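For reference, the structure discussed in these notes is given below.
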Amino acid sequence: MTGDANLRDDGTGGAIAAALLDWYDRHARDLPWRAPPGTPAMDPYRVWLSEVMLQQTTVAAVRGYFERFTARWPTVQALAAADEAEVMAAWAGLGYYARARNLIACARAVAAAGGFPTTREGLAVLPGVGPYTSAAIAAIAFDRPETVVDGNVERVVARLFAVQTPLPGAKRELTALAATLTPTHRPGDFAQAMMDLGATICTPRSPACGICPLIHACAARAAGIAAELPRRAPKTARPRREGVAWVALSPEAVLLERRPQRGLLGGTLAFPSSGWDGSDHPPPLAADWDERGEVRHVFTHFELRLRVLTAPLAGNPARGEIVPRDGFDPGALTGLMRKVWALAAPEGGDA
DNA sequence: AACGCGTGGCT
DNA sequence: TAGCCAAGCGT
């Protein structure tokens, strides 16, 4: 139960791993995709699915999606056989939709190969599986001593070693330092412990150093600069874009379209729109459009103000697809398009 | 090597 | 309110 077994005998690294694993045994968060501390290997499908969902996404946001996905598609074979539009609809609202497209491609490649690769190098070839995710699956699902470096680990390591180099340039340096800490025993628990520590104690703004299991090893704490690390290069301002969304509807149907596979909101279901994403379209329908208000939405690299117009759905639209109202689920829309629907819908948002 | 890519919670 | 940040990847 304690972290005293098979420690590396190279001094600091082993002692830090031991202290962290001991803390993890007592304080590991209870998460739907996680086995109890000490469990040697976890189902690679669940590890992969959760890790892809967690890319740049909070635990709170992922929980429900993970439960729904695993209930509906319990195995990678089931997911590989799923209809693409159904997977996109199930992913809708979670963001970064290239992940959903890569998820399908990855599931099909894995199912065709008869299972997941068991090494970091083999995993890193899969679509949507990069340096972080390949190391995480190798460590957590296959008990390999790989070093997992996400935003939490970068912060914890920058503080432990008082690294002053600003991110993202410090990435290589921090990865090398993190590797000196990785134990050969329980590498998956160690990786998850580092991320739990970063998420709950070694937090960005005001770290709870008073209850940190690594306080005696932390150079930044000793220097009184823990909250200032990691340093980051200044960010560029976020520009504002403007556009229009057209919602054509009748009592029986709504006009929707599938966005191009690549690019912004690629492959998702949307109302026809223009002027904000590089496109320049006329309205999909010649009509007397009614102004319903403005939606505000913040993307990673720009802020959007989208005017929402409605009109009766009649005649032959120049683009889009006429979808029956009883076959239209607003839950299958992205966050942005849900806001558009909330303004346009006759009864405050439900289909 | 930068940049494009969503969304929501917290301060 | 406006900014910051989150279990990153692909190009």
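Residue numbering restarts at 1 for every chain, and letters A, B, ... go by the order of the sequence lines. Computed from a prediction, not measured in an experiment: that's the story for all the values here.
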Using 0.5 Å steps for rounding, measure from the [atom1] atom of [X] to the [atom2] atom of [Y].
X         : Y         : atom1 : atom2 : value
Arg259(A) : Leu265(A) : CZ    : CG    : 5.0 Å
Glu321(A) : Leu269(A) : CD    : CG    : 8.0 Å
Ile322(A) : Glu252(A) : CD1   : CD    : 11.0 Å
His216(A) : Arg221(A) : NE2   : CZ    : 10.5 Å

Residues two or more places apart in sequence or in another chain: which of them pass side-chain contact (heavy atoms from CB on, under 4.5 Å) with Gln164(A)?
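For Gln164(A) the side-chain contact (heavy atoms from CB on, under 4.5 Å) partners, ignoring immediate neighbours, are Ile225(A), Leu229(A), Arg231(A).
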On DNA chain B, compare the nucleotides closest to Arg205(A) and His301(A); which residue's is nearer the 5' end?
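This one resolves to His301(A).
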Using the [atom1] atom as the reference point in each nucleotide, state the distance between [N] and [M] in Å, no decimals.
N       : M       : atom1 : answer
dT1(C)  : dG8(B)  : P     : 16 Å
dA7(C)  : dT11(B) : P     : 15 Å
dG10(C) : dA1(B)  : C1'   : 13 Å

Please name the residue in the list Trp48(A), Tyr45(A), Phe142(A) that meets the ring-ring contact (aromatic ring centres under 6.0 Å, His included) test with Phe116(A).
Trp48(A)
Most 5' of Asn102(A) and Trp33(A) on DNA chain C, judged by nearest nucleotide
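The residue closer to the strand's 5' end, by nearest nucleotide, is Trp33(A).
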Judged by nearest nucleotide, the residue sitting upstream toward the 5' end of DNA chain C, Arg262(A) or Gln56(A), is Gln56(A)
Assess the side chains of Asn152(A) and Arg155(A): does a donor N or O sit below 3.5 Å from an acceptor N or O?
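Judged by distance alone, the side chains do pair up.
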Donor + acceptor pair across side chains of Thr118(A), Arg144(A) (<3.5 Å):
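Indeed, the side chains of Thr118(A) and Arg144(A) share at least one donor-acceptor pair under 3.5 Å.
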Under 3.5 Å donor-acceptor pairs involving side-chain atoms of residues 120-136 of chain A, not counting sequence neighbours:
| unit_1 | atom_1 | unit_2 | atom_2 | d |
| --- | --- | --- | --- | --- |
| Arg120(A) | NE | Glu146(A) | OE1 | 3.1 |
| Tyr132(A) | OH | Glu51(A) | OE1 | 2.6 |
| Thr133(A) | OG1 | Gln55(A) | NE2 | 2.9 |
| Ser134(A) | OG | Gly130(A) | O | 2.7 |
| Ser134(A) | OG | Pro131(A) | O | 3.2 |

Going 5' to 3' along DNA chain C, between which two nucleotides do contacts with chain A fall, using a heavy-atom cut-off of 4.0 Å?
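Range of nucleotides touched by chain A: dC4(C) to dT11(C).
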Close approaches to DNA chain B from residues 116-133 of chain A, in residue order (heavy atom, under 4.0 Å)
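Per residue number, the list is empty: none.
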What does [X] touch in the nucleic acid at a heavy-atom separation under 4.0 angstrom: a base, only the sugar-phosphate, or nothing?
X         : answer
Leu265(A) : sugar-phosphate
Leu304(A) : nothing
Gly198(A) : nothing

Determine, for Glu154(A) against Arg232(A), whether the closest basic-nitrogen to carboxylate-oxygen distance falls under 4.0 angstrom.
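Result for this pair is no, no salt bridge flagged.
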Sidechain N-carboxylate O distance under 4.0 Å for Asp22(A), Arg26(A)
yes
So, is the end of the Arg68(A) side chain (NZ or CZ) under 6.0 Å from the ring centre of Tyr65(A) and within 45° of the ring's axis?
yes
Residues in contact with DNA chain C, drawn from residues 135-158 of chain A - heavy-atom cutoff 4.0 Å:
Asp150(A), Gly151(A), Asn152(A), Arg155(A)
Ala80(A) backbone acceptor or donor facing Arg108(A) side chain under 3.5 Å:
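Indeed, once roles are kept as given, a pair shorter than 3.5 Å links the two residues.
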Residue pair Leu256(A) / Met337(A), side-chain heavy-atom distance below 4.5 Å
no
With a strict under 4.0 Å distance from non-hydrogen atoms of chain A, what nucleotide opens and what nucleotide closes the contacted stretch of DNA chain B, reading 5' to 3'?
dG4(B) to dT7(B)
